[in-house]
Amino acid sequence: MAKEGAAEQPTSSRQPPSSTAAADGGPLYGQAEKDYHHLFNFTNNKAGMDKVDREKANQTIYEMSKNSSYFKNEQRKDDNRKEDIDRMKAHLEAYRNSQPEMRLKAEQSVRGVLQRLEKERESKRGSWWCHVDMDMFYCAVEIRDDPSLKDKPVAVGGPGMICTANYVARRYGVRAAMPGFIGKKLCADQGAELVFVGGNMQKYQAESMTVRRVLSEFDPHLKMGSLDEAFLNLTDYLKENDLDSHEGRVKVATEIREKITEATRGLTASAGIAPGRMMAKIASDFNKPNGQTIIEERDAAGFMDSLSVRKIPGVGKVGEHKLEALNIKTCRDILDNAVLITQACSDKSTQFLLRAAMGIDGEGRASERKSFSCERTFRATQDRKFLEEKLRDIAESLAEDLKSHFMRSRHITLKVKTADFKVKQLAMPLSRSTDEADDIDAGAQRAFSKYIDTHGDDTKAPPAIRLLGIKCANLTHVFGGTGPDGEEREAPKGTIDYFLQQQQKQKGGKGKASEVGDISIEIEDDEQMDQIDQMGDNADAPAGDDHPGNQLLLPDIIDLEEWEEDVDVNHPQPQPPSCSSSPCQPAPSSASLQPSLPLPLPQKRQLPQSSAAAQPKQPAPKRGKKGGKRNQDAATVCVSGPMDALLKRMADRKAAGGGGGGSSAAGGGGVDGECIELD
DNA sequence: GCGGATCAC
DNA sequence: AATGGTGATCCGC
């Protein structure tokens with residue numbers, strides 16, 4: 001209620017130059033910030049900086065960004081979202097004015113859905129998940145190995161992009177995913193100098209393996225999300241070790257973190273234990289860094305209720321703003337306004353949001369990889385020859401990638417980003433599956449020609465381009481043939497590819513040996529999929545895969561359950577927020593947090609809160625106090641570092657050297673608009 | 001099926 | 001010296 005007016009703001013969106021005439025006469029900062037700073041991904045809304053510093057940082061960021069093409073594009077996108085919102089609001093208005101019987105029906109339907117979900121939650125009791133998240137992982141490794149960095153603001157990355165920043169830097173407003181030159185300025189303005197450290201993927205991978213080794217003791221089927229985080233199903237471990245109690249969980253979380261710190265010679269981790277994957281993940285972020293949070297079943301609902309919707313993995317900046325336009329800020333709000341959401345969101349989104357708000361995990365099967373992609377940013381140019389060569393390089397890189405994974409692709413998509421940051425994609429089906437650079441290149445070049453043709457007539461030059469990329473999809477496994485150098489294609493032991501290869505050999509063994517040139521397999525049946533799932537834990541298959549983050553070969557032990565429905569969001573309306581305000585989360589009911597280890601965190605206190613259900617007397621183990629709200633004041637800023645790509649690229653370059661090899665593109669013979677023919 | 005968007009890391 | 005790269009999913013055409 002209320003709030004409605006906010007969306008009415010004129011925003012002057014439509015005319016690009018006039019509103020952005022900000023160049024000189026444009027809006028002054030004070031006003032501008034109100035309108036725009038929500039556009040940044042990294043407005044710090046967490047603790048760590050006091051308000052003054054925060055405003056100062058935001059001003060600096062705004063000043064450095066306001067005239068950039070990047071920022072102007074962000075404004076454009078934001079304006080589009082506002083239009084979406086207006087449409088949505090109109091839709092909702094129509095609903096409000098609809099026949100009472102209709103609304104009654106909708107309400108009953110929602111009630112039914114909520115009841116079903118409640119039942120589902122009930123049925124899933126008793127399973128315990130842990131999420132472990134390394135604190136500022138890359139940065140922590142670098143600082144450990146060079147203690148002189150300890151008290152300086154440090155960022156892993158470069159002037160172009162920051163992957164991870166330490167907590168000293170965060171105090172100046174430096175964030176992961178922030179361009180390095182802005183971070184540098186933020187520090188400089190406050191008399192400090194940001195130290196950049198180039199990353200070393202190999203090292204991080206090694207550390208990650210160390211962490212994994214420690215964790216596998218608690219759950220041999222653990223799933224590494226990325227180098228710096230992992231999900232564990234602790235249900236069995238807790239039972240088998242007689243630790244299935246609050247105290248037990250506290251103990252396990254503490255032990256996990258201590259063992260990690262010991263094994264990594266000083267790196268710290270944060271952990272969350274909860275009756276679900278999603279809640280565990282949220283919990284691990286709750287007391288970062290070097291902290292832990294345990295959520296008991298009886299506290300789960302209360303914990304979720306007070307949580308900001310932004311904490312739900314899958315609700316990002318845009319989703320948050322859309323929900324905010326509906327006046328929905330917390331998970332409790334989601335449930336209270338379930339009918340509204342039903343009307344405003346797609347079925348998928350509605351399901352997702354309601355489930356998430358109740359703390360119910362989505363069904364997540366780690367599916368087979370569906371695409372390979374490669375994209376490069378460079379200085380914007382119209383030089384066609386340069387661009388075509390870039391495309392060739394990318395095609396070669398992808399071909400290598402495909403080959404090393406024993407995959408072929410039958411469909412490519414060209415991606416083009418112009419100097420004004422607008423992105424276009426062009427699909428190009430191929431006539432057959434391929435892993436040859438020539439083929440990929442031919443398809444991409446054809447798509448590129450098409451792009452040029454449609455974006456510049458004879459009189460007007462095509463726009464300058466700052467990024468080119470290719471995505472290969474429609475994948476099939478390939479075994480048995482010969483590789484690029486004529487050697488037999490054999491998948492590395494321990495990989496899914498290896499598994500399938502063995503299977504294929506067995507099958508082939510009964511009749512015709514594996515003499516068949518190329519065999520393509522598509523995995524479709526569930527049984528096979530399950531087998532693949534189960535092999536992930538092969539401890540012997542660390543395999544230094546050249547690919548850092550991915551290669552999901554780790555299974556996911558999920559309780560059965562049929563409900564499909566996956567993860568994803570998509571809601572209706574945003575609003576021109578002036579966000580920033582939310583001082584982190586209130587910690588609801590009795591989520592007990594257990595410090596342990598050095599832990600510089602101040603003890604958090606909680607006031608009794610009207611936590612709905614009577615508070616069963618909870619064993620107050622050591623210190624953890626439960627009760628109600630917690631204020632997160634502390635100087636600690638949470639933000640887990642988004643993993644990078646910059647580093648990946650560095651590593652790739654180092655490892656691969658370079659793809660060279662010119663050779664001309666074998667022509668896309670048959671033309672015919674739709675599918676490019678390959679010989 | 002395509003192209004645009006959003007999200008996580 | 002000018003805001004990254006990879007993979008996935010969803011939605012509206």
Side-chain angles (χ1 to χ4, degrees), chain A residues 39-42 61 64-65 67-74 77 80-81 84 133 137-138 157-164 175-183 224-229 281 310 312-322 345-349 352 362 364 366-380 394 397-398 401 411 413-417 419 421-429 466-467 469-475 547-552 566-572 574 639-652 674-675:
Chain A
L39 293 180
F40 300 105
N41 313 349
F42 37 74
I61 295 168
M64 297 190 72
S65 297
N67 293 325
S68 68
S69 300
Y70 171 81
F71 186 62
K72 286 175 182 159
N73 187 54
E74 289 301 306
K77 290 199 287 186
N80 290 338
R81 284 177 211 130
D84 282 356
D133 199 318
F137 189 44
Y138 296 173
M161 186 58 56
I162 290 172
C163 304
T164 311
R175 287 288 180 285
M178 175 184 280
F181 66 94
I182 290 183
M224 294 293 289
S226 60
L227 288 187
D228 82 327
E229 66 174 334
K281 181 168 172 57
R310 186 64 170 83
I312 299 172
V315 175
K317 182 182 54 166
V318 175
E320 179 186 26
H321 288 141
K322 286 179 175 176
C345 302
S346 70
D347 288 353
K348 278 231 149 104
S349 301
F352 168 73
S367 56
E368 272 295 271
R369 189 170 180 178
K370 293 189 171 66
S371 69
F372 286 75
S373 68
C374 178
E375 60 189 59
R376 298 290 133 176
T377 294
F378 38 81
R379 222 191 40 222
I394 291 170
S397 166
L398 270 173
D401 215 7
H411 185 282
T413 304
L414 173 72
K415 177 173 171 181
V416 179
K417 194 191 304 186
F421 284 85
K422 286 180 187 153
V423 175
K424 274 244 178 312
Q425 298 182 91
L426 284 89
M428 180 62 64
R466 77 186 321 275
L467 171 147
I470 304 174
K471 176 170 73 174
C472 293
N474 267 17
L475 303 176
H547 281 278
N550 306 316
Q551 182 91 330
L552 43 123
D566 241 37
V567 194
D568 207 335
V569 206
N570 196 355
H571 346 290
V639 159
S640 56
M643 294 296 94
D644 37 310
L646 194 79
L647 294 177
K648 220 179 263 185
R649 198 168 57 189
M650 288 173 169
D652 282 354
E674 281 315 313
C675 154

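The shown structure was predicted, so the numbers you read here are calculated from the model rather than taken from an experiment.
A straight line from CZ of A:Phe421 to C1' of C:dG5 spans 14 Å, rounded to a whole angstrom. Rounded to whole Å, atom P of B:dC2 lies 10 Å from atom CE of A:Met428. With rounding to whole Å, A:Lys348 atom NZ is found 5 Å from C:dC10 atom P. Distance A:Gln425 CD to B:dA5 C1': 9 Å, rounded to the nearest Å. Rounding to whole angstrom units, NZ of residue A:Lys415 and P of B:dT6 are separated by 13 Å. Between A:Asp84 atom CG and C:dC10 atom P the separation is 18 Å, expressed in whole Å. What separates CZ of A:Phe352 from P of B:dC7 is a distance of 10 Å, to the nearest Å. When the C1' atom of C:dG4 is taken as reference, atom NZ of A:Lys417 falls 8 Å away, rounded to whole Å.
Counting heavy atoms from C-beta on, the side chains of A:Ser65 and A:Ile182 come closer than 4.5 Å.
When all heavy atoms are compared, the tightest approach of A:Phe421 to A:Tyr70 is CE1-N, 3.3 Å.
Set against C:dG4, B:dC9, C:dC11, the side chain of A:Ser346 has C:dC11 as its closest nucleotide. Considering only side-chain atoms of A:Ala427, the nucleotide from B:dG3, C:dT6, C:dT3 that sits closest is B:dG3. Side-chain atoms of A:Lys317 lie closest to B:dC7 of the nucleotides B:dC7, C:dT3, B:dT6. Proximity note for A:Glu229 (side chain, C-beta onward) versus B:dC9, B:dC2, B:dC7: the nearest is B:dC9. In this structure, of C:dT3, C:dA8, C:dT6, it is C:dA8 that holds the atom nearest to the side chain of A:Ser371. In the set C:dG4, B:dC9, B:dT6, B:dC9 carries the atom at the smallest distance from any side-chain atom of A:Asp228.
Here A:Arg376 reaches the OP1 or OP2 of C:dT6: one of its side-chain N or O atoms lies under 4.0 Å away.
Residue A:Ser65 is classed as a base contact, given a heavy-atom separation below 4.0 Å to a base. As judged by a 4.0 angstrom heavy-atom cut-off over every strand, A:Lys424 is placed among residues touching the sugar-phosphate backbone only.
Applying the side-chain hydrogen bond (donor to acceptor under 3.5 Å, both in side chains) rule to A:Lys417 yields no partners; only residues at least two apart in sequence or on another chain are considered. Residues satisfying the side-chain hydrogen bond (donor to acceptor under 3.5 Å, both in side chains) test with A:Lys370, not counting sequence neighbours, are A:Ser367.
Going from the C1' atom of C:dG4 to that of B:dC7 covers 15 Å, rounded to whole Å.
Toward the 5′ end of DNA chain B lies the nearest nucleotide of A:Thr413, the other residue of the pair A:Thr413 and A:Lys77 mapping further downstream.
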